[in-house]
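Below is one structure, written out as structure tokens; comments come after it.
Just so you know, these numbers use all the heavy atoms, side chains as well, and skip hydrogens, waters and symmetry mates. Letters go in sequence order (proteins before strands), and every chain restarts at 1. Since this is a predicted model, take the numbers as computed values, not measurements.
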Amino acid sequence: DTGVSQNPRHKITKRGQNVTFRCDPISEHNRLYWYRQTLGQGPEFLTYFQNEAQLEKSRLLSDRFSAERPKGSFSTLEIQRTEQGDSAMYLCASSPGQAGNNYEQYFGPGTRLTVT
Amino acid sequence: GDSVTQMEGPVTLSEEAFLTINCTYTATGYPSLFWYVQYPGEGLQLLLKATKADDKGSNKGFEATYRKETTSFHLEKGSVQVSDSAVYFCAHHGAGGSYIPTFGRGTSLIVHP
């Protein structure tokens with residue numbers, strides 16, 4: 001198992017452009033999470049999936065953000081009309097989601113977004 | 001609402017010193033508790049966990065005990081190494097049956113030779 005992977009690792013875009021990030025979780029993990037992390041802060045929850053179903057979204061999540069997990073495997077996070085305040089590290093994590101209290105998460109390396 | 005509070009860093013220690021990083025939480029019910037570590041340029045990695053009161057999680061010489069009465073999960077290590085320099089995040093997950101985790105702001109640890 002190669003762990004959680006994210007692409008691209010870095011993205012520089014101009015304000016107003018759309019960007020899309022991809023996350024490939026550990027195979028057989030049925031929960032997938034997206035977070036945003038800024039300097040000096042912990043991961044901030046954005047949304048999560050159980051298989052292909054998006055079950056929770058942060059109320060802080062702007063409607064410019066959308067996420068999909070079409071076949072319950074990889075996921076994409078799209079940000080439309082990017083703003084400078086979107087500059088952050090975007091983290092993906094997967095979790096086994098088996099019966100019982102198995103909440104531990106396995107994180108990818110993140111995608112660093114810079115909006116100029 | 002749910003929250004996690006960690007001591008502010010950076011924590012600066014000499015090699016072989018004793019480490020404590022304090023963590024307290026507020027949550028509905030009895031969540032599972034975690035410490036994650038983030039080394040420079042890398043993603044977060046699970047360091048240790050505890051799923052119920054009085055459980056002790058341990059890994060790589062680090063320990064933390066789930067204290068329900070004080071809602072705390074302090075991280076300790078008896079003798080730190082330079083390679084332990086990283087940012088440490090306390091988190092809780094599973095409070096009230098929720099699958100949404102809550103992370104602290106992280107505490108940076110710098111260990112000097």
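Contacts of residues 106-113 of chain A with chain B at a heavy-atom distance below 4.5 Å involve F107(A), G108(A), P109(A), listed in sequence order. For residues 11-23 of chain B, a heavy-atom distance under 4.5 Å to chain A picks out no residue at all. Residues of residues 6-16 of chain A that come closer than 4.5 Å to chain B, counting heavy atoms only, are R9(A), ordered by residue number.
Residues V115(A) and L61(A) are members of one and the same hydrophobic cluster, defined by side-chain heavy-atom contacts under 4.5 angstrom among Ile, Leu, Val, Met, Phe, Trp and Tyr. A continuous path of hydrophobic side-chain contacts links Y36(B) to M89(A) [ILVMFWY only; heavy atoms under 4.5 Å]. A single hydrophobic cluster is not seen to contain both V87(B) and L33(B); linkage of ILVMFWY side chains at heavy-atom distances under 4.5 Å, directly or through other members, places them apart. Linking Ile, Leu, Val, Met, Phe, Trp and Tyr whenever their side-chain heavy atoms come within less than 4.5 Å leaves Y88(B) and L46(B) in two separate clusters. Placement of Y66(B) and L75(B) within a single hydrophobic cluster is found when ILVMFWY residues are connected by side-chain heavy-atom separations under 4.5 Å, directly or transitively.
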Item to complete: Verify ring-ring contact (aromatic ring centres under 6.0 Å, His included) between F103(B) and Y35(A), making sure each step is shown before the conclusion.
Response: CA-CA 11 Å; F103(B) 285 83; Y35(A) 298 89; 5.6 Å; yes
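Around CD of E68(A), the count of heavy atoms belonging to other residues, nucleotides or ligands within 6.0 Å does not exceed 12. Under a cut-off of 6.0 angstrom, the local environment of CD in E8(B) is sparse, with at most 12 non-hydrogen atoms contributed by other residues, nucleotides or ligands. For E28(A), the CD atom sits in a loose shell: 12 or fewer heavy atoms of surrounding residues, nucleotides or ligands are nearer than 6.0 Å.
Of the listed residues (A93(A), G42(A), S58(A)), the greatest number of heavy-atom pairs within a distance under 4.5 Å of chain B belongs to G42(A).
Neither the backbone nor the side chain of Q6(B) comes within contact range of chain A; no heavy atoms are under 4.5 Å apart. Proximity to chain B (any heavy atom under 4.5 Å) is shown, for Q41(A), by both the backbone and the side chain.
At a threshold of 4.5 Å between non-hydrogen side-chain atoms, the residues P101(B) and Y33(A) count as touching. At a threshold of 4.5 Å between non-hydrogen side-chain atoms, the residues Q105(A) and L44(B) do not count as touching.
In terms of the salt bridge (Lys or Arg N to Asp or Glu O under 4.0 Å) criterion, D2(B) has no residue partners (sequence neighbours excluded).
If you take CZ on R105(B) and OG1 on T38(A), they are separated by 9.0 Å, rounding to the nearest 0.5 Å. Atom-to-atom distance recorded for E104(A):CD and L48(B):CG is 11.0 Å, nearest 0.5 angstrom.
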